[in-house]
2 protein chains.
Amino acid sequence: MIVPTLGTMLENIGLLLALASARGVAAASKALAPAELNARSYSLLEQIVLADGPSQRDLADALRLDPSQIVALVDQLEDRGFAERRPAPTDRRLKAVVVTDQGRRFYAQVRADVERSLDDVLADLSRDEREQLRSLLHRIARPESAAPELVD
Amino acid sequence: MIVPTLGTMLENIGLLLALASARGVAAASKALAPAELNARSYSLLEQIVLADGPSQRDLADALRLDPSQIVALVDQLEDRGFAERRPAPTDRRLKAVVVTDQGRRFYAQVRADVERSLDDVLADLSRDEREQLRSLLHRIARPESAAPELVD
DNA sequence: TATTGTTATACTCTATAACTATA
DNA sequence: TATAGTTATAGAGTATAACAATA
């Protein structure tokens, strides 16, 4: 190795964010592989379980994905019997995405595996530090002065 | 909107990391677009500027990319006259990647734009909080007990 | 006119395997 | 036998535009 301490001179917080995120996604993906789910579909299922009835537009906003991508992801959950599309009573353009009993059970199972894998990623951090990190990230990922700026 | 508070019930720190990272990359990409550089190439150039002589393997480790991807990225920097490959004197398998004067000037220019764009992303955080975040992320992205685990 | 869901498509990224030259 | 760099390629992920139905 020519430069042994390359990594230690890193200051760029943007790169640090990207590297930490990549580690988290990799760990979650590995944990989810046996269930044939990827990290994005897991997060989508989680949103559906927690909200129980969001429109696809809501899901696109929550995950900062293009609505056209939500279509395929919800299709997959529907094909596996984990979610269903229901016409929204108030606005016939909307489709409410609801979790099925089977989907709720499945989520409970895989969630334990995912959280264990994230524990590994956060192993060096105390409980307090994890809460700090979560709070700081929340203010970056979901600023109070909303203004979603997926495309600009 | 069916569920107004979807975003606020988010606990998943893995998703928060991914969203925050995506915001950072998007902001940096936007700032770098006029210079026809993407976030990854910027980080690569930064490593070369800071280390001045890393092997391509070093760069792959620092950015957690596959060595085969570094080839194309270094090619691009070389084509634009920002970096050069030099045979390493100690081991003829290695190629030391060094920044050119032109590359150093270019980096200084775009760096200001990137840091300004990251300021926007971190706007809600105080100086102390940014330092906290950087420190926490560093311990996730570059754990002391190294063991790079790109592929496993 | 604007918005939701949808389809199709092109583009970028990423992962993987195989090869060479050197050690 | 192992490592650095390289090439090629297939797959996953992403962005974009256009359309029908509804508001």
Spacing of [X] atom [atom1] relative to [N] atom [atom2], expressed in whole Å:
X       : N      : atom1 : atom2 : value
A:Leu37 : D:dA12 : CG    : P     : 14 Å
B:Arg64 : C:dC13 : CZ    : C1'   : 19 Å
B:Glu78 : D:dG5  : CD    : P     : 13 Å
B:Leu73 : C:dC13 : CG    : C1'   : 11 Å
A:Leu65 : D:dT14 : CG    : P     : 7 Å
A:Leu63 : D:dT14 : CG    : P     : 11 Å
A:Lys30 : C:dA15 : NZ    : P     : 14 Å

What pairs with [X] under salt bridge (charged side-chain N to carboxylate O under 4.0 Å, His left out), at least two apart in sequence or on another chain?
X        : value
A:Asp120 : none
A:Arg105 : none
B:Arg92  : none
B:Arg139 : A:Glu129

I need a per-nucleotide contact map over nucleotides 1-6 of chain C, read 5' to 3'. Cutoff is protein heavy atoms under 4.0 Å; write B for the base, S for backbone only, - otherwise. --BSSB
If you round to the nearest 0.5 Å, how far is CZ of B:Arg142 from CG of A:Asp124? 14.0 Å
So which pairs with a foot in residues 27-82 of chain A pass ring-ring contact (aromatic ring centres under 6.0 Å, His included), sequence neighbours left out? A:Tyr42-A:Tyr107, A:Phe82-A:Phe106
Any B:Arg92 side-chain nitrogen or oxygen under 4.0 Å from OP1 or OP2 of C:dA21: no
